[in-house]
Amino acid sequence: MKKLINDPATVLADSLVGVAAAHPELRVDHENRIVYRGTPTRAGKVAIVSGGGSGHEPLHGGFVGLGMLDAAISGEVFTSPTPDQVEAATKGADGGAGVLHIVKNYTGDVMNFEMAAELSEGVNVETVVTNDDVAVEDSTWTAGRRGVGVTVLLEKIVGAAAEEGLDLQAVAALARRVNDSGRSMGMALTSCTVPAAGKPTFEIPDDMMEMGVGIHGEPGRHRVPMAAASSVAEQLVAPILADLDFTGGPNIVMLNGMGGTPLIELYLMFGEVKKLLDAAGVEVARTLVGNYITSLDMAGCSVTILKADDEILKFWDAPVNTPGLRWGI
Amino acid sequence: MKKLINDPATVLADSLVGVAAAHPELRVDHENRIVYRGTPTRAGKVAIVSGGGSGHEPLHGGFVGLGMLDAAISGEVFTSPTPDQVEAATKGADGGAGVLHIVKNYTGDVMNFEMAAELSEGVNVETVVTNDDVAVEDSTWTAGRRGVGVTVLLEKIVGAAAEEGLDLQAVAALARRVNDSGRSMGMALTSCTVPAAGKPTFEIPDDMMEMGVGIHGEPGRHRVPMAAASSVAEQLVAPILADLDFTGGPNIVMLNGMGGTPLIELYLMFGEVKKLLDAAGVEVARTLVGNYITSLDMAGCSVTILKADDEILKFWDAPVNTPGLRWGI
Amino acid sequence: MVDVSIPQLVDWLSRFRDLVTENRAYLTELDSAIGDADHGSNMARGMGAVMDKLGAATPATADELFKTVGMTLVSSVGGASGPLYGTFFLRFGTTAGAVSQLDAAALSAALHAGLGGVLARGKAEAGDKTMFDAMNPAIEALDAAIAGGADVAAATSAAAQAAAAGRDATEPLVARKGRASYLGDRSAGHLDPGATSTAYLFTALAAATA
Amino acid sequence: MVDVSIPQLVDWLSRFRDLVTENRAYLTELDSAIGDADHGSNMARGMGAVMDKLGAATPATADELFKTVGMTLVSSVGGASGPLYGTFFLRFGTTAGAVSQLDAAALSAALHAGLGGVLARGKAEAGDKTMFDAMNPAIEALDAAIAGGADVAAATSAAAQAAAAGRDATEPLVARKGRASYLGDRSAGHLDPGATSTAYLFTALAAATA
Ligand SMILES: Nc1ncnc2c1ncn2[C@@H]1O[C@H](COP(=O)(O)OP(=O)(O)O)[C@@H](O)[C@H]1O
Ligand SMILES: Nc1ncnc2c1ncn2[C@@H]1O[C@H](COP(=O)(O)OP(=O)(O)O)[C@@H](O)[C@H]1O
Ligand SMILES: [Mg+2]
Ligand SMILES: [Mg+2]
Ligand SMILES: [Mg+2]
Ligand SMILES: [Mg+2]
């Protein structure tokens, strides 16, 4: 395992030291592993709180700041934070108007945030569980779909809505609408290496790739032969378009890197995705190309498409000032 | 070789298609492989033009936009662009007030930009050659030091100066002052793979790393045993501090990723670097942590320190709106 | 019938800690195949924290003991296994009550309560390829042994065997809960990591009460 | 003494194209060891563009021919080798002049002019571990052969041998110019890629004028 770390056991703590050093405008609670904005939540503003396992940076800590999250809680690598961490963030971020929990749909995340909400007496908590990954079939008999790329777009959009003064019910309703309007699909060329595991999560030959991966270095739904970027784009876009109709209005499209794939390839992939969307009559109104929700050093990418409308685009375009996403300010 | 590409021969062209699709606010000259701002250079504003081989993204194309570059020229992967490409960008970006060429000190870049300046009759061209890499000993008998991380900071700072209306001589003088005030040092855990070469540029065992690498996937000055992040930070920071005195004033510090190293490690490394700078009495006034000047999919990082002053900090803080760096707007 | 004392219950936890720590890499390897490569770290971190806590001060009654255990797991593990094992021990303690020893019936009742906690949190059913598939048969076997007149040692030994068999039976299953469910058919052919750690839980119980 | 005709000069370029294309992976491998793994791609791309251009229309005189060659290299290669080989051919053509054949003396003069171009652009000295270390001895050997009364074929053959020897002699050198210089002492023990492509240049010349 080749990593720039001191000790697999202290990766998260050491990295948060760097976050605090690099971002004096944020406040890091090292004990509870929470990144807060530098100033407390404005009285009357709904607080937006998210979190999950580490290893997906800049998600979530890199999205704390004006116009996006009020607090982000980090668990160990790929391990949901614990209820008391989430409870601390919930109480710490509440500005009296309640707290929205943004939770990616993984059993661990859902359970730990659920317990935290139970513990957070006195705070009005609403929860949105993102589940946008079309690689997984939706069913009430299973854990359902994973929450992936839509989480990034949702944090931006509801962050702006909260900033504008929408109340908790309205913010939560918007969050659910955004989640329902977005779909994602991911793929990997390589596995990642979890520091504590010390070796790649899976082995894969040079001529194969994994289609339908999530963001935890897990194998995907299918192992298929390596293919040209144009074909990879098709394998990502087709299941998304088959799952929801994105025509007839503007969309926000994210081409996300898994952490180990350089920008030159991500832009190349976006070019291929754009061609397919143009051909399918899917209007691309806003784009995001880069590493936003990653899986440590995994090579690969994912595509997220979100059906937008005037309200969603207004909140998307609103100012945001976080380490990972910044504009208008 | 596992890459999200169609064909090693079309990587650059295909990637520029994606850049154009993702950034309608920019204009891409696909024939000459130039990324321009969407609107022509304001009459009377010095145009800032840079370029070099591809594979360092977001450098340089990702730094085109208000407050930074007016045009960026891409060569093939790790290969300087040709004089006629640079000539086209120089003439295309000139707003009548002349053009500053920002050239990283590599023989190919220097020669091709030199020939371009000769070809660009009628345009007032000044050139700054960045050479901030302390891994290479400075000498008039050799090609001298490589231009690396300082290039990013310089493009931001002189971009702001040009925006403010400084004339070509003043912008060029500032550029040279910034270059003289900055130093960098890089390291790699792995090689990168040049698409046309199809395999890693060098092999390196799991228990070794390369110290003193540049940004072209080349081996470094020394191969040393893998070490903890704290020791890596020391091996990067010590030669920088030995080369120039950074105490007694504010500094801008960049912890840059080589492309294949995830953000969680880069923040961790920044934390280690910050401890060393604090101990050495080096004031960190501004920071940048992330992938800014990369070497394809190489795993590793570099540290850049730039001695600043009120003028440099003012230009650093000025609004910038590019795909790779954005604030204040 | 011999009762299970507080020291024996602590020994159970200590042996469980030893087993997940020794088999940390193995549990993580199982989780690499169909999960996210952290189950070994999670369990070793959690049980390490539990034993540190108990080392500082061991409660004298079962309710307090297992409240400490459950809370420590909940607040140190995270992921799916933290709330699941945490809730297991919390409910185990509540049902065991403020006692300093458990007879076979009380042990069974506490284990049933723990299992109920896992079900309440995780909503898994038999055959979903989770820790439930080791835990449920283990408790059934314990009950059957007790009903058949076995003492605690024999009953926990039967439970350990049934847990191991339940663990082994997860191999061919296609997961329907937890992270492995995302793999669809590819989850078949691998042991479930949580069922494997649960088998250690009952091995440890059998050894502590032998 | 036999003169070198335009078709022979085109054959020289064509053979050079073939050699850098066939040895593309090898040149890139040499550049991987002490550079940035692109010399094979650069030379193959450049000479491919040159022959495409000449295929469309072959100039009738040496000055026009090599102007086309030089300009095409300059505008299609980039990197260090583009300006260096480009300038080499541009100056070669200027000195050769508007002629349809070159005698030995004219060939020598044109090669000297080309070498001067490489020096003007790159400022390398003997022993810096660059293409100069193959080019300079090649031209010296050509001159010596001509002075000794050799015909063009024998002289270019001597040049090719000297270029190869010059290339081989770069192996132990520590680079002082170009990208390999960044490696310091680690650049020793490897052939210089540019010297290797220059050896092909003279191999091609010898074959075209045999
Ligand atoms: N809904 C559930 N009910 C019961 N057990 C579950 C459920 N979901 C997951 N598990 C168990 O948790 C184990 C995984 O634990 P762990 O790897 O520590 O957490 P995570 O899946 O969050 O990474 C699985 O092997 C499975 O036995
Ligand atoms: N200053 C110089 N003078 C002469 N030749 C040089 C000089 N610098 C580099 N070269 C030659 O160029 C070769 C490298 O060419 P190439 O790999 O195509 O370009 P780059 O170094 O820009 O990647 C070197 O092997 C060397 O022979
Ligand atoms: Mg996990
Ligand atoms: Mg090159
Ligand atoms: Mg797991
Ligand atoms: Mg090269």
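From a predicted model like this one, the values you see are computed outputs, not experimental measurements. Quick note on labels: first sequence line is chain A, next is B, and so on, each numbered from 1.
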Is the count of non-hydrogen atoms from other residues, nucleotides or ligands lying under 6.0 Å from A:Lys199 atom NZ greater than 12?
no
Donor-acceptor under 3.5 Å ([X] side chain, [Y] main chain):
X	Y	value
B:Ser191	B:Phe202	yes
B:Thr190	B:Met298	no
B:Lys156	B:Ala318	yes
A:Ser295	A:Ile215	yes
A:Ser54	A:Gly75	yes
A:Asp7	A:Ala9	yes

If you take the centroid of each ring, where Trp contributes its six-membered ring, are A:Phe78 and A:His56 closer together than 6.0 Å?
yes
Taking the six-membered ring for Trp, are the ring centroids of A:Phe270 and B:His23 within less than 6.0 Å of each other?
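For A:Phe270 and B:His23, the ring centres are not under 6.0 Å apart.
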Sort [X] into side chain, backbone, both or neither according to what part of it lies under 4.5 angstrom from a heavy atom of chain B.
X	answer
A:Met1	backbone
A:Lys274	side chain
A:Ser230	both
A:Leu325	neither
A:Val19	both

So which of [options] has the largest heavy-atom pair count under 4.5 angstrom toward chain B?
options	answer
A:Val17, A:Asp207, A:Asp206, A:Leu16	A:Asp206
A:Gly62, A:Gly260, A:Gly271, A:Ala229	A:Ala229
A:Leu288, A:Asn291, A:Leu296, A:Asn321	A:Leu296
A:Ile5, A:Val289, A:Asp297	A:Ile5

Proximal component of [X], with respect to chain A [non-hydrogen, under 4.5 Å]:
X	answer
B:Ile204	both
B:Met258	neither
B:Ser15	both
B:Val11	both
B:Ala299	neither
B:Leu189	both
B:Met208	backbone
B:Pro323	side chain

Distance check, rounded to the nearest 0.5 Å: B:Arg223 atom CZ versus B:Glu210 atom CD?
4.5 Å
Less than 4.0 angstrom from a charged side-chain N to a carboxylate O is my criterion; do B:Glu265 and A:Lys2 meet it?
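Judged by the 4.0 Å cut-off on N to carboxylate O distance, B:Glu265 and A:Lys2 do not form a salt bridge.
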Between [options], the one whose heavy-atom pairs under 4.5 Å with chain A are most numerous:
options	answer
B:Ala228, B:Ala22, B:Ala21	B:Ala22
B:Lys3, B:Met269, B:Met226	B:Lys3
B:Asp14, B:Asn6, B:Thr287	B:Asn6

For residues B:Asn251 and B:Leu306, determine if any side-chain heavy atom of one lies less than 4.5 Å from a side-chain heavy atom of the other.
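The answer is no; the side chains never approach within 4.5 Å.
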